[in-house]
Amino acid sequence: MANTAFVKGHRRTSSDIEFKELIRRDAQLAMHKELTKLIQTAPSAQQPKVKNELDRFQLLFERYLQEAGTSLNWEKIKVLPDDAIKNYNEIQRTELTNMKNMLNKLVVLKLNGGLGTSMGCQGPKSAISVRNDLTFLDMTVQQIEYLNKSYDADVPLVLMNSFNTDEDTEKILGKYNQIKVRIYTFNQSKFPRINRESLLPIPKCTATAGSDGAPSWYPPGHGDIYESFAAAGLLEEFIQAGREYVFVSNIDNLGATVDLHILNHLINPPMGGMAPEFVMEVTDKTRADVKGGTLVDYDGKLRLLEIAQVPKEHVDEFKSVSKFKIFNTNNLWIKLNALKRVIDERTLHMEIIVNPKTLDNGINVIQLETASGAAIKSFEGAIGINVPRKRFLPVKTTSDLLLVMSNLYKMRTGALEMSPQRSFPSVPLVKLGIQFQKVKEFLQRFASIPDMLELDHLTVSGDVTFGKSVSLKGTVIIIANHGDRIDIPTGACLENKIVSGNLRILDH
């Protein structure tokens, strides 16, 4: 009967909209049935938590069905008003007082859900050694410990893990028992991957994913931080303890340290000013950052615009350094009671990012994700602060790793600072080939990290190795063609050089 009604209805109206609506409802009902089955596969003690997560997934899925095909109206994008982006220099002029009291109103939260697989490492990315045998996590803990010791404060560190990183991270945390830092952890949600054709969870998906079920699940992006932080009870706990702001950043951004000037601007706003509920740190865009999200005015609200939301015909315009001059560092400062309000009132809204993937078994899936910065439009008085580039120092590749391991930076109490010996503040552009992609091979190709104080640009491609005490200056391009090998000898100084062909240093 349902099919007959469907056919009759379709014939009667000939409406594509109605047709799509009926399909949407069917997909919604089918997904609900599958999620109910999934909840039942969890142990009884875990079922409330699993149900809470899958209820959130269901809402995200329903939004995806409803919003699929909608695109951003490019004509509605407007230039930001002058007061929407504050200059860091103006904030920095504010006198700092009573820093212990300020710090005791702060929570530091690091996004720690990523694995190091893209750089050939096993386990959490935060466990990769970055500098002086210290990992991302070591450096983060050292930074917070220094703050607490210096100002007799009690800044807690919170890690948002994923089901990929939680177990290994918990093992690592044992080595910080003697450190003056209270460390909390919680897990972001675990959502089922969706078969692109059937719009249902993929086979072997169970609530307690084992070795067979693990590929069926994914962590749904860092936009999940808000709901998961609240669901873990930490949001309420910190509010009750008198905390006012949380500083959120990626654990692999070595520039994302606690900035006392920004914190002071929030805790002690200028006379007559209101403390913003949400602050996004942005920085000046270069040609290396053309794909980074930017802040725009859209329907009268400050909004994060990602490249995935831009109509194809406007992508080049979006990438323009002259029109969109800043990009999001993903360093965010959020007022805790405002976060509780938008969660309780269900006014927290972030655009859905559809991430298509192909699994090892050949199944095409989609992952529905959200980005934490997109929440900016849900808060009152949200602002951007244009910060110095040094606050954005991510390590996504071994090219980035080479920079932070070099003499371009000095390390002090877990934080990296640009060496005063470098005569200009810009960071060199480094592009290492696939032979350097994995950390193990990367380290084997450098007898020691080169002197890069005067380097502007480095491109390396092919089978290339570096001896000890090599110096790189200006623009250096080294290309070993297929079958060739280039060994840069110990003590070599390459300044504005192109090296190609075959250069082999024989052992004697």
Heavy-atom closest pair, residues [X] and [Y]:
| X | Y | answer |
| --- | --- | --- |
| L80 | V296 | CD2-C, 3.3 Å |
| M102 | L260 | CE-O, 4.2 Å |
| I334 | V248 | CD1-CG2, 4.0 Å |
| G292 | F318 | O-CZ, 3.3 Å |
| L348 | A375 | CD1-CB, 3.7 Å |

Calculate, to the nearest 0.5 Å, the distance between atoms [atom1] and [atom2] belonging to [X] and [Y] respectively.
| X | Y | atom1 | atom2 | answer |
| --- | --- | --- | --- | --- |
| Y226 | L339 | OH | CG | 7.5 Å |
| M411 | L416 | CE | CG | 7.0 Å |
| T283 | I326 | OG1 | CD1 | 9.0 Å |
| L200 | L35 | CG | CG | 9.0 Å |

Heavy atoms, side chains only, cut-off 4.5 Å: are [X] and [Y] in contact?
| X | Y | answer |
| --- | --- | --- |
| L401 | T397 | no |
| V354 | E369 | no |
| I91 | H261 | yes |
| K51 | Q40 | no |

Going by distance alone, is a donor N or O of one side chain under 3.5 Å from an acceptor N or O of the other, for [X] and [Y]?
| X | Y | value |
| --- | --- | --- |
| S426 | R389 | no |
| T294 | K285 | no |
| S249 | N331 | no |
| Q143 | T413 | no |
| T169 | N112 | yes |
| E281 | W333 | yes |

Donor-acceptor pair, distance only, cut-off 3.5 Å: does the side chain of [X] make one with the backbone of [Y]?
| X | Y | result |
| --- | --- | --- |
| N177 | G174 | yes |
| R193 | S216 | no |
| S150 | Y146 | yes |
| E277 | F379 | no |
| N250 | N253 | no |
| S228 | I225 | no |
| S372 | G223 | no |

**Request:** Could you check whether the rings of F229 and F186 sit parallel, tilted or perpendicular, using 30° and 60° as the cut-offs?
**Result:**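 Plane angle between 30° and 60°, so tilted.
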**Prompt:** Quick one: is the NZ or CZ of K335 closer than 6.0 Å to the six-membered ring centre of F238, and within 45° of its axis?
**Reply:**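 No.
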**Request:** Establish, for the pair R303 and Y298, whether the NZ or CZ atom is under 6.0 angstrom from the six-membered ring centre and no further than 45 degrees off its axis.
**Result:**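 Yes, R303 lies over the aromatic ring of Y298.
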**Message:** Looking only at the aromatic ring of each residue, does the gap between the centers of F191 and F61 stay below 6.0 angstrom?
**Reply:**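 Centroid separation for F61 and F191: 6.0 Å or greater.
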